[in-house]
Amino acid sequence: MASFDELVAEKVKLFDSAPEDLANESIKAQRQIFRSIQSELAQLDTDSDNRILPTQANFDRVNTILSSLKNAVLSSDYVLAVRDFIGKLDRSFNISNELAQQINKNFQPDENLQALYEFQRKNAVQVLLGTALESAITQPFNQVLSASISAGDTYANMVRALNTVIEGNDQIDGRLTRYVRSVATTAVAVSDRSYTAAVNEAIGAEWYVYRGGEIETTRPFCEARNGKYFHRKEVESWASLEWDGKIAETDRKTIFNYAGGWNCRHSLIAVTERRVPEDVKQRAREKGYID
C-alpha cells in the first residue's frame with residue numbers, strides 16, 4: 001500500500017493536472033466542433049453582396065444548425081477527454097478511501113458511501129456532458145446566429161462572430177473551454193470533496209491538512225492555509241469568514257465540500273493526531289477545541 005505522503009502527492013497532482021488537461025483538450029475540440037458545422041452555415045441564403053437574407057427559410061435553418069452544433073459537441077474528442085477525466089476522478093475517490101485506511105485500517109465504504117460515490121460520479125458526468133454544457137454553448141451561438149440573420153449581416157462577419165463564440169480569441173476562451181474552467185471543474189472538485197468529507201466523517205476525523213498545488217490564480221485564502229494543519233472545529237469556523245471566490249452556500253458543514261470556493265483545487269485531507277505539530281494542538285487547546 002502506498003504511504004500517506006505518496007497518496008496525498010498523487011491526489012494533489014490529480015487536482016492540479018486533470019482540470020487543465022481537460023481544458024486543453026476542450027480547446028482542440030472547439031476547432032473540431034466549428035469545422036463540423038461550417039457546411040450547415042454555408043447553406044444559408046445570401047444576396048449578391050453575400051449578405052444573409054432575413055427569410056423564413058433561413059430562420060427555419062437555425063434549429064437545424066443548433067441541432068448539428070449539439071451533435072458536433074457530443075461527437076467531438078471532448079467526449080473522450082471527459083472519459084479520461086472521469087477515470088482520474090475515480091482514482092481520486094479511491095485515494096480518499098486509501099487515505100481513510102491510513103487512519104482506520106478496517107475502513108471500507110458502506111452501502112451509503114457506495115451510493116454517494118455513484119451519485120457524485122454521475123453528477124460529474126452530467127455536469128461535463130449534460131444540459132448545462134449544451135446551454136452554455138448553444139444559447140450564445142443562437143443569439144449571434146439569429147442576430148446576424150435578422151440584421152442581414154454579411155456571411156463573413158457572421159462566421160467570424162460565431163467562430164469567436166465557439167473558439168474564442170486572444171482575449172477570451174471559447175465557450176466550451178470557458179465552461180470547463182469556470183463551472184465544470186468546480187462542480188467536479190466539489191463532487192470529489194463531498195465524497196471525501198463523507199468518508200472522513202465516517203471515520204470520525206478530527207484533524208486535517210489543507211493541501212493543493214499553487215497556481216497563478218491561487219487566492220490568498222488558500223495560500224495562507226496550504227500545507228498547514230487544523231482541527232475540524234477550526235475548519236468549520238472558516239465558514240463565517242468572507243473572501244474572494246467564496247461559494248455563497250458555504251457553511252460549517254459544506255466548508256469541507258467547497259474549501260476555497262470557485263475553481264479551488266485544494267482538499268482537506270484527514271490526518272492522524274500524531275502527524276499534527278504540537279503548536280497546532282496548542283492553538284486548538286487555546287481556542288477550546290480540545291482539552
Does the side chain of Gln30 come under 3.5 Å of the side chain of Thr177 through a donor N or O and an acceptor N or O? yes

Name all residues meeting the side chain to side chain donor-acceptor pair (under 3.5 Å) criterion together with Ser68; count only those two or more places apart in sequence or in a different chain, and write none if there are none. Glu40

Grab the two heavy atoms, one from Ala205 and one from Arg232, that are nearest each other, plus how far apart they are. O-CD, 3.9 Å

Tell me if a side-chain donor or acceptor on Asp45 pairs with a main-chain N or O of Leu53 at a distance below 3.5 Å. no

State, to 0.1 Å, how close Asn104 and Ile203 come at their nearest heavy-atom pair, and which atoms those are. CB-CG2, 4.3 Å

Is there side-chain contact between Lys287 and Ser237, with at least one heavy-atom pair below 4.5 Å? no

Do Lys246 side-chain atoms and Tyr258 backbone N/O form a donor-acceptor pair below 3.5 Å? no

Interatomic distance, Tyr78 atom OH to Lys28 atom NZ [nearest 0.5 angstrom]: 15.0 Å

What distance do Ser36 atom OG and Asn71 atom CG have between them, rounded to the nearest 0.5 Å? 9.5 Å

Charged N to carboxylate O below 4.0 Å: is that the case for Glu234 and Lys228? no

With the side chain counted from C-beta on, respond yes when Thr46 and Arg51 share a heavy-atom pair under 4.5 Å apart, and no when they do not. no

Side-chain heavy atoms of Phe4 within contact of Thr272, under 4.5 Å: no

Validation row: Val188, Leu22 side chains within 4.5 angstrom (heavy atoms): no

Salt bridge Asp5-Arg275, side-chain N to carboxylate O under 4.0 Å: yes

Once you round to the nearest 0.5 Å, how far does CG of Leu176 lie from CD of Glu25? 11.0 Å

Would you check, one step at a time, whether the test salt bridge (Lys or Arg N to Asp or Glu O under 4.0 Å) holds for Arg283 with Asp279? CA-CA 6 Å; Arg283 184 177 73 227; Asp279 65 314; 5.4 Å; no

Does Phe256 belong to the same Ile/Leu/Val/Met/Phe/Trp/Tyr cluster as Val276, with side-chain heavy atoms less than 4.5 Å apart forming each link? no

Common cluster, Leu162/Ile149, ILVMFWY with side-chain heavy-atom separation under 4.5 Å: yes

Side-chain donor-acceptor contact under 3.5 Å, Asn157 with Arg160: yes

Test item: Ser92 and Lys11 side chains (from C-beta on) under 4.5 Å apart, heavy atoms: yes

With no hydrogens and no angle check, do the side chains of Asp60 and Gln56 hold a donor and an acceptor under 3.5 Å apart? yes

Does Ile65 belong to the same Ile/Leu/Val/Met/Phe/Trp/Tyr cluster as Ile52, with side-chain heavy atoms less than 4.5 Å apart forming each link? yes

Cationic N near anionic O, under 4.0 Å, Glu98 to Arg91: yes

Who pairs with Tyr117 by side chain to side chain donor-acceptor pair (under 3.5 Å), at least two apart in sequence or on another chain? Asp90

Looking at side-chain heavy atoms only, is the closest gap between Lys13 and Asp16 below 4.5 Å? no

Between the main-chain N or O of Val73 and the side-chain N or O of Ser76, is there a donor-acceptor pair closer than 3.5 Å? yes

Donor-acceptor pair, side chain of Arg219 and main chain of Asp244, under 3.5 angstrom: yes

Specify whether His231 and Tyr289 have parallel, tilted or perpendicular ring planes, treating 30° as the upper limit for parallel and 60° as the lower limit for perpendicular. parallel

Quick one: closest heavy-atom pair of Met158 and Asp153, and the distance? N-OD2, 4.3 Å

For the student: nearest non-hydrogen atoms of Ala136 and Tyr179, plus distance: CB-CD1, 3.7 Å

Could you state the interatomic distance from CZ (Arg175) to CG (Leu133), rounded to the nearest 0.5 Å? 12.0 Å

What heavy-atom pair brings Val280 and Trp207 nearest, and what distance separates the two atoms? CG1-CZ3, 4.0 Å

Rounding to 0.5 Å, atoms NZ (Lys233) and CZ (Arg252) come to a distance of 9.0 Å

For a quick test of reading the model, state the closest non-hydrogen atom pair linking Leu66 to Thr138 and the distance between them. CD2-O, 4.0 Å

Check the side chains of Asn50 and Thr154 for a donor-acceptor pair under 3.5 angstrom, ignoring hydrogens and angles. no

Is the side chain of Ser67 donor-acceptor paired with the backbone N or O of Asn63 at a distance under 3.5 Å, no angle test? no

Just wondering, do Val199 and Phe93 contact through their side chains at under 4.5 Å, heavy atoms? no

Which label fits Tyr210 and Trp238: parallel for a plane angle under 30°, tilted from 30 to 60°, or perpendicular past 60°? perpendicular

Compute both the distance and the angle, then confirm whether Arg225 meets the cation-pi test with Phe221: under 6.0 Å from the six-membered ring centre, within 45 degrees of the axis. yes

What residues, two or more places apart in sequence or in another chain, satisfy salt bridge (charged side-chain N to carboxylate O under 4.0 Å, His left out) together with Glu278? Arg285

